[in-house]
Amino acid sequence: MGIKRIYDRLFEEYGSQGWWPVTPVGGCKGVKPEGPIYGVALKNEKQKIEIIFGAILTQNTSWKNVEKAIISLNNEDLINVDKIIKIDKTELAAVIKSAGYYNQKALKLKNIAEFLKKYPIKALENMELGKARELLLAVNGVGPETADSILLYALNKPIFVVDAYTKRMFDNLGLIKKDDSYDNVQEFFMKNLPADAKLFNEYHALIVEHAKRYYSKKPYGTKCFLRG
DNA sequence: GCCCAGGAGCCCG
DNA sequence: CGGGCTCATGGG
């Protein structure tokens with residue numbers, strides 16, 4: 001099966017995923033279990049910042065744990081570039097504890113906040129994709145997947161996000177090799193799909209949803225309906 | 001107890 | 001340039 005056909009099958013199976021989940025306007029304080037929600041089409045600036053922070057927090061970490069950290073950040077009114085720059089690193093680490101790697105991630109959040117101070121969201125949105133990607137990758141703590149998640153989900157740029165699930169699943173389906181580089185896998189998708197941010201957004205989210213079900217436990221993909 | 005989560009940096013051959 | 005190590009909480 002080609003990758004466009006796979007997309008169609010996944011969409012048919014799961015429908016729109018509404019990524020990236022963000023906290024609704026007005027926050028989640030006092031509205032208890034309410035965390036980030038799905039299906040927000042137009043995001044305000046604060047929500048875009050939350051996506052950028054979330055992209056860092058979710059590095060090698062389950063979204064469930066990240067969600068708690070994001071709720072804490074909201075409740076402390078820390079979805080804010082200046083406040084992240086200002087807050088003590090140890091204090092920030094405590095707020096995001098549930099997301100794991102909290103010392104590293106506290107530093108990474110401060111790094112990206114400094115970056116956003118220099119290159120505000122609007123400047124990045126108006127920037128050419130390749131240029132914005134290059135600048136993001138120069139930030140310590142931002143690798144290819146995080147940079148591409150930011151470009152796609154916060155800045156709405158048409159770039160395909162590759163993650164561990166993508167590699168595992170498409171290796172298992174025989175379309176790539178698992179030791180292919182990030183850039184090679186990304187190129188494979190982008191060469192075979194139209195450069196459409198909405199499509200890339202949905203496709204990556206669908207891969208995550210599908211892989212959580214069929215590619216999280218070994219042996220991978222045994223009951224996957226995309227095989228054959 | 002083990003493996004895995006919507007990775008990245010660093011060091012080393 | 002590729003491979004191994006570290007970072008850390010939380011669920012299955």
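Within every chain, numbering begins at 1; the chains are lettered A, B, ... in the order of the sequence lines, protein sequences first and strands thereafter. If you're wondering where the values come from, they're calculated on a predicted model, not measured in any experiment. Computation of the quantities below employed the complete heavy-atom set of this structure, encompassing side-chain atoms and omitting hydrogens, waters and symmetry-equivalent molecules.
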Kindly point out which of [options] is positioned nearest to the side chain of [X]?
| X | options | value |
| --- | --- | --- |
| A/Lys108 | B/dA8, B/dG6, C/dC7 | B/dA8 |
| A/Val208 | B/dC4, B/dG7, B/dG6 | B/dG6 |
| A/Ala164 | B/dG6, B/dG7, B/dC4 | B/dG7 |
| A/Asn103 | C/dA8, B/dG6, B/dC4 | C/dA8 |

- Near DNA chain B, under 4.0 Å by heavy atom, which residues of residues 133-155 of chain A?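 Close to the strand are A/Val139, A/Asn140, A/Gly141, A/Val142, A/Gly143, A/Pro144, A/Glu145, A/Thr146.
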If the threshold is 4.0 Å, N to carboxylate O, is there a salt bridge linking [X] and [Y]?
| X | Y | answer |
| --- | --- | --- |
| A/Glu12 | A/Arg9 | yes |
| A/Arg213 | A/Glu209 | yes |
| A/Asp180 | A/Lys167 | no |

For a quick test of reading the model: is some side-chain N or O of [X] closer than 4.0 Å to OP1 or OP2 of [N]?
| X | N | result |
| --- | --- | --- |
| A/Tyr220 | B/dC3 | no |
| A/Lys105 | B/dA8 | no |
| A/Tyr102 | C/dC7 | no |
| A/Arg168 | B/dG6 | no |

Rounded to whole Å, please give me the gap between [atom1] in [X] and [atom2] in [N].
| X | N | atom1 | atom2 | answer |
| --- | --- | --- | --- | --- |
| A/Gln59 | B/dA8 | CD | P | 5 Å |
| A/Lys178 | C/dG2 | NZ | P | 14 Å |
| A/Asn60 | B/dG9 | CG | P | 13 Å |
| A/Tyr101 | C/dA8 | OH | P | 8 Å |
| A/Asn184 | C/dC1 | CG | P | 12 Å |
| A/Asp180 | C/dG2 | CG | P | 10 Å |
| A/Leu109 | B/dA8 | CG | C1' | 14 Å |
| A/Lys167 | B/dC4 | NZ | P | 16 Å |

- Item | Pairing stems for DNA chain B [at least three consecutive pairs; Watson-Crick or G-U; under 3.5 angstrom] |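 Detected stem regions: B:2-5 with C:9-12, B:7-12 with C:2-7.
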- Query: For A/Trp63 and B/dG6, do the ring centres fall under 5.5 Å apart while the planes stay under 30° apart?
  - Reply: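 It does: the ring sits over the base of B/dG6.
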- Would you say whether A/Trp19 stacks on B/dG6? The test is a distance between ring centres of less than 5.5 Å and an angle between planes of less than 30°.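 Yes, the aromatic ring of A/Trp19 stacks with the base.
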How far apart are the closest heavy atoms of [X] and [Y], and which atoms are they?
| X | Y | answer |
| --- | --- | --- |
| A/Leu92 | A/Leu109 | CD2-CB, 4.1 Å |
| A/Phe115 | A/Val139 | CD1-CG2, 3.5 Å |
| A/Trp63 | A/Pro21 | CZ2-CG, 3.5 Å |

For [X] and [Y], which I'm curious about, is there any donor-acceptor pair between the side chains at under 3.5 Å?
| X | Y | result |
| --- | --- | --- |
| A/Tyr220 | A/Asp171 | no |
| A/Asn60 | A/Tyr101 | yes |
| A/Lys105 | A/Thr61 | yes |
| A/Ser72 | A/Asn75 | no |

- Item | Pairwise P distance, B/dG6 and C/dC1 [rounded to whole Å] |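 The same atom, P, in both gives a distance of 30 Å.
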- Message: Taking only the P atom of each, what is the distance from B/dA8 to C/dG10 in whole angstrom?
- Response: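 22 Å, rounded to whole Å.
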- Could you tell me the separation between the CD atom of A/Glu50 and the CD1 atom of A/Ile70, rounded to the nearest 0.5 Å?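 These two atoms lie 5.0 Å from each other.
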- Query: If you look at every strand shown and take non-hydrogen atoms under 4.0 Å, does A/Asp179 touch a base, only sugar-phosphate, or nothing?
  - Reply: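 Nothing, no heavy atom under 4.0 Å.
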- Are A/Phe189 and A/Phe170 an aromatic pair by the rule of ring centers under 6.0 Å?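 Yes - the distance between ring centres of A/Phe189 and A/Phe170 falls below the 6.0 Å cut-off.
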Please tabulate, one pair per line, each protein N/O and nucleotide N/O from nucleotides 10-12 of chain C that are separated by under 3.5 Å, including the distance.
{"from": "C/dG10", "atom 1": "O4'", "to": "A/Asn65", "atom 2": "OD1", "distance (Å)": "3.3"}
{"from": "C/dG10", "atom 1": "O4'", "to": "A/Asn65", "atom 2": "ND2", "distance (Å)": "2.9"}

- Message: Using salt bridge (Lys or Arg N to Asp or Glu O under 4.0 Å), reason through A/Lys157 and A/Asp148 one step at a time and then give a plain yes or no.
- Response: CA-CA 9 Å; A/Lys157 304 276 188 187; A/Asp148 291 339; over 6 Å; no
